[in-house]
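If you read the sequence from its start, that first residue is 1, and numbering goes on from there.
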Amino acid sequence: MTRSIAIVNQKGGVGKSTTAVNLGASLALQGRRVLLVDLDPQGNTTSGFGIDKRSLEGDVYGMLLGGIPAERVIVPTAVAGLDLIPATINLAGAEIELVSTLSRETRLKRELEDVSRRYDYVLIDCPPSLGLLTLNALTAVDEVLIPVQAEYYALEGLSQLTTVIARIRDALNPSLRMAGVLVTMFDGRTKLASEVLEEVNAYFPGVVFRTQIPRNIRLSEAPSFGKPVVLFDIKSRGAQAYIALAREVVASECPVDLKPAVGAQS
């Protein structure tokens with residue numbers, strides 16, 4: 001069966017696109033068939049594969065609001081087994097256009113229903129907001145992966161995010177569960193990073209991935225070359241971390257409910 005995972009955090013700069021690109025590539029390297037959906041108007045996941053947005057015949061906007069079938073906007077990537085539904089600047093106005101659209105919360109789910117069956121994993125890179133695009137993603141998937149950076153104010157806003165996820169589960173998507181919480185930009189040499197990791201484990205008991213994504217120069221450089229880090233420098237710490245994360249994701253066949261610790265504060 002296909003596992004569908006939305007990569008979500010309304011904060012920017014926490015590593016959503018980096019995780020979408022590199023988790024997807026790492027899953028594909030392990031022999032899984034993967035479809036990445038770039039739902040962020042910034043299009044960083046699309047750029048992360050070196051795809052020229054000007055040459056595209058279709059994009060996720062055309063699929064959602066232009067009547068273009070999903071199979072016509074899917075493009076292959078340099079990673080065998082990994083396909084992408086790209087995003088361009090066209091997506092910037094989609095939030096406003098969706099407001100007056102019939103069944104606006106479920107358009108992405110409907111568009112992906114047929115093509116998703118071809119893949120083992122569907123990963124959706126969400127925008128840094130809790131608007132209609134993210135709502136569409138959370139309605140279309142069965143699991144949520146939340147990247148949290150190992151920095152001050154890491155948990156800020158997460159209570160709002162978990163409340164939104166719970167409401168969507170109750171109203172629109174009863175199968176929605178947690179894939180896990182991923183700590184990113186981790187530097188184990190600092191006291192702050194260790195304290196943040198401890199806080200995240202207290203807030204999300206039992207659902208934090210064992211793997212942390214380190215601060216890593218090669219991981220930061222890879223997007224400028226239009227490559228996932230596993231193609232850019234597979235021996236780097238960043239690449240090895242995402243390979244380890246992919247193994248964890250594959251091993252976790254039973255996602256769990258999203259239940260932050262009682263009394264935890266953002």
Side-chain angles (χ1 to χ4, degrees), residues 1-8 16-17 19-29 31-127 129 131-143 145 172-173 223 226-228 231:
M1 291 183 61
T2 303
R3 287 182 64 181
S4 52
I5 304 173
I7 301 171
V8 181
K16 288 190 297 297
S17 297
T19 296
V21 169
N22 292 294
L23 174 58
S26 297
L27 287 167
L29 287 183
R32 269 63 183 187
R33 295 164 299 168
V34 182
L35 175 65
L36 269 180
V37 182
D38 191 351
L39 207 60
D40 187 344
Q42 297 178 74
N44 290 335
T45 290
T46 302
S47 299
F49 287 97
I51 292 171
D52 182 0
K53 298 174 186 177
R54 297 167 298 180
S55 67
L56 293 170
E57 296 183 4
D59 59 9
V60 70
Y61 172 85
M63 182 187 75
L64 284 175
L65 292 160
I68 303 176
E71 56 265 20
R72 285 182 51 196
V73 301
I74 293 174
V75 296
T77 71
V79 181
L82 176 60
D83 292 336
L84 172 71
I85 295 180
T88 67
I89 194 63
N90 294 336
L91 194 59
E95 294 273 2
I96 297 172
E97 293 182 56
L98 282 168
V99 169
S100 58
T101 302
L102 186 66
S103 303
R104 60 189 183 183
E105 303 94 347
T106 57
R107 291 189 72 87
L108 181 64
K109 179 179 181 179
R110 293 201 314 272
E111 295 297 335
L112 292 178
E113 272 179 343
D114 290 336
V115 297
S116 65
R117 300 186 184 118
R118 307 174 195 168
Y119 299 93
D120 300 307
Y121 288 87
V122 175
L123 305 181
I124 303 178
D125 180 23
C126 296
S129 70
L132 277 171
L133 289 174
T134 297
L135 177 59
N136 265 264
L138 292 173
T139 304
V141 300
D142 296 319
E143 304 175 42
L145 188 155
L172 295 167
N173 187 1
K227 293 181 179 180
L231 294 187

Only pairs at least two apart or in different chains count here, so list each salt bridge (Lys or Arg N to Asp or Glu O under 4.0 Å) that has a residue in residues 44-58.
-> D52-R54
Value for CG (L135) from CG (L108), rounded to nearest 0.5 Å, stands at 10.5 Å
Taken to the nearest 0.5 Å, the spacing of L172 CG from T106 OG1 works out to 8.0 Å
Shortest non-hydrogen contact from A20 toward L36 = O-CD2, 3.4 Å
Only pairs at least two apart or in different chains count here, so list each side chain to side chain donor-acceptor pair (under 3.5 Å) that has a residue in residues 131-140.
-> none
How would you list, by chain and number, every residue that makes a salt bridge (Lys or Arg N to Asp or Glu O under 4.0 Å) with R104, sequence neighbours excluded?
-> none
Exercise answer: donor-acceptor pairs, residues 60-75 side-chain atoms, under 3.5 Å, sequence neighbours excluded:
from: Y61; atom 1: OH; to: E97; atom 2: OE1; distance (Å): 2.8
from: Y61; atom 1: OH; to: E97; atom 2: OE2; distance (Å): 2.9

For T46, the side chain to side chain donor-acceptor pair (under 3.5 Å) test, sequence neighbours excluded, returns D38
What is the distance from atom CG of L132 to atom CD1 of I96, rounded to the nearest 0.5 Å?
-> 10.5 Å
Please report, to 0.1 Å, the donor-acceptor pairs under 3.5 Å made by any side chain of residues 119-127, with sequence neighbours excluded.
from: Y119; atom 1: OH; to: D83; atom 2: OD2; distance (Å): 2.7
from: D120; atom 1: OD1; to: R33; atom 2: NH2; distance (Å): 3.0
from: D120; atom 1: OD2; to: R33; atom 2: N; distance (Å): 2.8
from: D120; atom 1: OD2; to: R33; atom 2: NE; distance (Å): 3.4
from: D125; atom 1: OD2; to: S17; atom 2: OG; distance (Å): 2.7
from: D125; atom 1: OD2; to: T45; atom 2: OG1; distance (Å): 2.7

Quick one: CG on L82 to CG on L35, what's the gap to the nearest 0.5 Å?
-> 8.0 Å
Heavy-atom pair with the smallest gap, counting every atom of A137 and L39 | CB-CD2, 3.9 Å
Please round to the nearest 0.5 Å and tell me the distance separating atom CD1 of I7 and atom OG1 of T19.
-> 6.0 Å
Please name the pair of heavy atoms, one in P41 and one in L91, separated by the smallest distance, quoted to 0.1 Å.
-> N-CD2, 3.8 Å
What residue pairs, at least two apart or across chains, pass salt bridge (Lys or Arg N to Asp or Glu O under 4.0 Å) with a residue in residues 105-114?
-> D114-R117
Trace of the side-chain contact (heavy atoms from CB on, under 4.5 Å) decision for L138 with N173 = CA-CA 8 Å; L138 292 173; N173 187 1; 5.9 Å; no
Are the side chains of V34 and V79 in touch, meaning some heavy atoms are under 4.5 Å apart?
-> no
Side chains of L133 and E95: does their closest heavy-atom pair fall under 4.5 Å?
-> yes
List for me each residue that meets side chain to side chain donor-acceptor pair (under 3.5 Å) alongside N22, sequence neighbours excluded, and say none if there are none.
-> none
